[in-house]
Amino acid sequence: MIATQEEAERAGMTGSPTLLLDGRVPFARAGQQPVISCRLYRDADGRSGPAPSVAQLRAVLDVRAGDA
């Protein structure tokens, strides 16, 4: 659990919820600064929500499976 900005900076957390895939954040955007705040995920239509869509999750898992 990360409860402070300092902990977020040490862990490289860029918002909550953070989903990790093999220790990496597959939905991180380049240049994001560590922060203790809520994260919004954008769907294919640009709408924001509290979690990635099933299609987005499948896409990152498919990419990861292709790397194996």
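No experiment lies behind these values; they were computed from the predicted model shown.
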**Student:** Just by modelled atom types, is the Pro34 backbone N or O under 3.5 Å from a matching donor or acceptor in the Gln5 side chain?
**Tutor:** yes
**Student:** Using a strict 4.0 Å threshold on nitrogen-to-oxygen distance, state whether Asp43 and Arg47 make a salt bridge.
**Tutor:** yes
**Student:** Identify the two heavy atoms, one from Met1 and one from Glu7, that lie closest to each other, and give their separation to 0.1 Å.
**Tutor:** O-OE1, 4.1 Å
**Student:** To the nearest 0.5 Å, how far apart are CZ in Arg39 and CE in Met13?
**Tutor:** 8.0 Å
**Student:** Go through Thr4 and Ile36 one step at a time and tell me if the side-chain contact (heavy atoms from CB on, under 4.5 Å) criterion holds.
**Tutor:** CA-CA 7 Å; Thr4 67; Ile36 186 164; 5.5 Å; no
**Student:** For Phe27 and Leu57, what are the C-alpha separation, side-chain angles and deciding distance, and is it a side-chain contact (heavy atoms from CB on, under 4.5 Å)?
**Tutor:** CA-CA 9 Å; Phe27 298 102; Leu57 289 169; 4.0 Å; yes
**Student:** Which atom names give the shortest non-hydrogen contact between Tyr41 and Thr18, and what distance separates them?
**Tutor:** OH-CA, 4.3 Å
**Student:** Do Val60 and Val25 sit in the same hydrophobic cluster, where Ile, Leu, Val, Met, Phe, Trp and Tyr count as joined when their side-chain heavy atoms come under 4.5 Å apart?
**Tutor:** no
**Student:** Short question: side chain of Gln56, backbone of Arg42 - any donor-acceptor pair under 3.5 Å?
**Tutor:** yes
**Student:** Considering non-hydrogen atoms only, spot the tightest contact between Ala11 and Ile2 and give its length.
**Tutor:** CB-CD1, 3.5 Å
